[in-house]
Amino acid sequence: MYRYVLFDLDGTLTDPQEGITACVQHALAAFGISEAADQLTHFIGPPLHRSFMECYGFTDAEATEAVRVYRERFGTLGIFENRVYEGVPELLEELADAGIVTGVATSKPEPYAVRILEHFDLARHFDVVAGSNMDGSRTDKGDVICEALTRLGQPSKREVIMVGDRKHDVEGARREGIDAIAVSWGYAPEGELEAAAPAFLASTLSDLHDLLLHSNGCSKDKGEQSSI
């Protein structure tokens, strides 16, 4: 059984669709671009700066300005246009009761992540909360995971697993030498998670519960992908 569990935030612990898409709309409008909210869910998970460049061909300077405008709305309204997935608090309580150390590793700016977790009374469940910096540094998920592991005192990587809903979570975990569980209730496009080849795939929170709290779910050989 893994003794340390790192969780992504957006799309894994909470559903931030309303707030993030509305704030992306706000940022795009500053550039004369109009998009329907349901066409912007691909912004949930990856670093914002990268998404503006990749999805709209923004220059580095334009993407930086888009992130600034995004934060104008997110810091006051969008941050709490969010909801905790049903069953998450109970899962975190059970992990604590089992003696498992938990942390958050998110590409979201750390101050925002802390505010969200505190607002929804989730912060008390986590030993560390690692995120990106407000200046745009440490946005790569591998760098965020590395920071979380440092704050946890560099535990044995065989005892740590990352839980997330996008390929970036799986790839970042792999870069740092830890396993990953990909959860399918988030915002990954069809086929993304399977292509990323996580150690485990979880379709429901009940599946995730079984993987994290029952040793038979986590006893497979390394490199053999398993679904539950």
Side-chain angles (χ1 to χ4, degrees), residues 1-14 16 42 44-48 50-51 85 88 91-92 95 98 100-110 113 117 125-133 137-189 191-205 207-215 217-228:
M1 185 179 293
Y2 295 96
R3 296 183 57 233
Y4 300 82
V5 181
L6 299 178
F7 288 92
D8 176 47
L9 179 57
D10 293 339
T12 301
L13 297 174
T14 70
H42 55 276
I44 302 172
L48 278 174
R50 182 191 308 168
S51 292
Y85 286 117
V88 163
L91 172 62
L92 296 175
L95 291 173
I100 296 173
V101 176
T102 56
V104 170
T106 173
S107 292
K108 183 181 291 298
E110 192 171 307
L117 293 168
H125 295 292
F126 297 105
D127 294 85
V128 299
V129 178
S132 63
N133 295 317
S137 60
R138 204 170 67 214
T139 58
D140 181 85
K141 184 51 69 82
D143 293 340
V144 176
I145 292 172
C146 180
E147 177 66 19
L149 293 174
T150 297
R151 295 184 191 181
L152 287 171
Q154 297 294 353
S156 168
K157 293 184 177 182
R158 293 181 61 85
E159 297 182 320
V160 187
I161 195 162
M162 176 74 202
V163 180
D165 71 309
R166 297 298 303 270
K167 66 179 181 180
H168 312 85
D169 301 302
V170 179
E171 293 167 352
R174 183 176 295 118
R175 195 198 84 178
E176 292 305 308
I178 65 174
D179 282 344
I181 298 173
V183 300
S184 63
W185 57 79
Y187 289 91
E192 178 182 287
L193 297 178
E194 291 81 1
F200 305 95
L201 290 166
S203 298
T204 67
L205 200 68
D207 294 341
L208 180 61
H209 173 281
D210 290 344
L211 284 168
L212 295 176
L213 287 164
H214 297 291
S215 58
C218 294
S219 62
K220 68 172 188 63
D221 292 335
K222 299 291 184 181
E224 177 191 348
Q225 189 183 68
S226 175
S227 298
I228 184 171

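Below, each value reflects all heavy atoms present in this structure, side chains not excepted, and no hydrogens, waters or symmetry copies.
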Backbone N/O of Thr12 and side chain of Trp185: donor-acceptor pair under 3.5 Å: yes

Roughly how far, to the nearest 0.5 Å, is OG of Ser107 from CG of Asp8? 7.5 Å

Any Ile181 side-chain heavy atom under 4.5 Å of Leu201 side chain: no

Would you check if Val101 and Phe126 make a side-chain contact, meaning some heavy-atom pair closer than 4.5 Å? no

When you measure from the side chain of Thr139 to the backbone of Ser132, do you find a donor-acceptor pair of N or O atoms at a distance under 3.5 Å? no

State whether the side chain of Thr102 and the backbone N or O of His125 hold a donor-acceptor pair below 3.5 Å, judged by distance alone. yes

Between Asp165 and Tyr187, do the side chains contain a donor N or O and an acceptor N or O under 3.5 Å apart? no

What do the steps show when you test Val163 against Leu13 for side chain to side chain contact (heavy atoms under 4.5 Å, CB included), and what is the final call? CA-CA 10 Å; Val163 180; Leu13 297 174; over 6 Å; no

Arg151 side chain vs Asp127 backbone, donor-acceptor pair below 3.5 Å: no

Sidechain N-carboxylate O distance under 4.0 Å for Asp10, Arg166: no

Is a donor on one side and an acceptor on the other found under 3.5 Å between the side chain of Glu192 and the backbone of Lys167? yes

Search all heavy atoms of Ala202 against all heavy atoms of Leu208 and return the closest pair with its distance. CB-N, 4.0 Å

Closest approach of Ser184 and Leu193, non-hydrogen atoms and distance? CA-CD1, 4.1 Å

For a 4.5 angstrom cut-off between non-hydrogen side-chain atoms, does Phe200 reach Asp207? no

Is there a side-chain contact between Tyr4 and Leu152 in this structure, where contact means two heavy atoms from C-beta onward sitting under 4.5 Å apart? yes

Closest heavy-atom contact between Ala113 and Val129? CB-CG1, 4.2 Å

Evaluate the side-chain proximity of Glu176 to Met162: yes if any heavy-atom separation is below 4.5 Å, no if none is. no

Between Glu110 and Gly131 the two heavy atoms that sit nearest each other are OE1-N, 3.1 Å

Inspect the contact between Arg175 and Asp143 and indicate whether a charged nitrogen and a carboxylate oxygen are less than 4.0 angstrom apart. yes

Are any of the side-chain heavy atoms of Arg50 and Asp140 separated by less than 4.5 Å? yes

Under 4.0 Å between a Lys/Arg side-chain N and an Asp/Glu carboxylate O for Lys157 and Asp179? no

Measuring from Phe7:CZ to Thr14:OG1, what's the distance to the nearest 0.5 Å? 12.5 Å

Ignoring hydrogens and angles, tell me if any N or O in the side chain of Arg3 forms a donor-acceptor pair with the backbone of Pro155 under 3.5 Å. no

Candidate pair Tyr85 and Leu91, rule side chain to side chain contact (heavy atoms under 4.5 Å, CB included), full reasoning: CA-CA 11 Å; Tyr85 286 117; Leu91 172 62; over 6 Å; no

Would a distance-only check, ignoring hydrogens and angles, find a side-chain to backbone donor-acceptor pair under 3.5 Å from Thr106 to Lys108? yes

Got Leu212 and Ile161 here, is their nearest side-chain heavy-atom distance under 4.5 Å? yes

Closest approach of Pro16 to Ile44 (non-hydrogen atoms, all atoms of both residues): CG-CG2, 3.8 Å

For the backbone of Asn133 and the side chain of Ser137, can you confirm whether one donor and one acceptor N or O come within less than 3.5 Å of each other? no

Salt bridge between Glu171 and Lys141, side-chain N to carboxylate O under 4.0 Å? no

Are any non-hydrogen side-chain atoms of Val104 and Leu6 less than 4.5 angstrom apart? no

